[in-house]
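Here the structure is a predicted model, which is why all the values come from computation and not from measurement.
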Amino acid sequence: MLRKFRVNINGKEYMVEMEELTPGASQLQNQVVETTHPVPQAAPVAPTTPAAPTTPVQPVSGEGEEITSPMPGNILDIKVKVGDVVEENQVVAVLEAMKMENEIVAPRAGTITAVSATKGAPIDVGEPIVFIN
């Protein structure tokens with residue numbers, strides 16, 4: 001069934017004719033819709049050479065409490081290094097998630113024993129960023 005619509009886009013009016021391909025929702029039960037148009041075949045894909053094997057990155061672990069990522073994102077900056085003494089609520093890293101910069105802070109005062117995240121690297125929820133003792 002051919003239906004006509006008046007559509008207004010950015011102040012300009014268009015008349016649109018649309019063909020209804022499926023019947024109304026109440027009539028849709030137990031019906032199969034068939035297309036009468038041929039479906040184009042995908043072009044064959046040339047085989048690709050396998051990528052060079054990469055060595056998995058060994059996770060860095062340190063002594064003490066790990067400060068983990070609360071959300072997936074990218075590490076924009078690491079503000080501390082191993083051996084730094086930090087205060088409670090001091091920024092240890094900046095995490096970008098959903099186009100927002102989030103400061104990751106130390107939960108308590110202590111000394112940084114390991115930094116496991118790298119600047120610019122993606123990180124997932126629960127992955128350690130730094131360790132504090």
What donor-acceptor contacts under 3.5 angstrom involve side-chain atoms of residues 68-77, with partners at least two apart or in another chain?
unit_1	atom_1	unit_2	atom_2	d
Ser69	OG	Met71	N	3.4
Ser69	OG	Met71	O	2.5
Asp77	OD2	Lys79	NZ	3.2

Note: Ala93 and Ile129 closest approach over all heavy atoms is CB-CG2, 3.8 Å
I need the Ile78 CD1 to Ser116 OG distance, nearest 0.5 Å. 8.0 Å
Return all side-chain donor-acceptor pairs below 3.5 angstrom for residues 95-103, not counting sequence neighbours, or 'none' if the list is empty.
unit_1	atom_1	unit_2	atom_2	d
Asn102	ND2	Leu95	O	3.3
Asn102	ND2	Met100	O	3.3

Stepwise, does the side-chain contact (heavy atoms from CB on, under 4.5 Å) test hold for Val115 with Val92? CA-CA 10 Å; Val115 177; Val92 295; over 6 Å; no
Rounding to 0.5 Å, atoms CZ (Arg6) and CD (Glu13) come to a distance of 5.0 Å
Quick one: which residue pairs count as a salt bridge (charged side-chain N to carboxylate O under 4.0 Å, His left out) with a foot in residues 104-127, not counting sequence neighbours? Glu65-Arg108
dist Thr113:OG1 -> Asn133:CG (nearest 0.5 Å) comes out at 6.0 Å
Partners meeting side chain to side chain donor-acceptor pair (under 3.5 Å) with Glu17 (sequence neighbours left out): none
Side chains of residues 82-91: which donor-acceptor pairs under 3.5 Å do they make with residues two or more places apart or in other chains?
unit_1	atom_1	unit_2	atom_2	d
Asp84	OD1	Lys81	NZ	3.4
Asp84	OD2	Lys81	N	2.9
Gln90	OE1	Glu87	N	3.0

d(Ile132 CD1, Glu66 CD) to nearest 0.5 Å is 12.5 Å
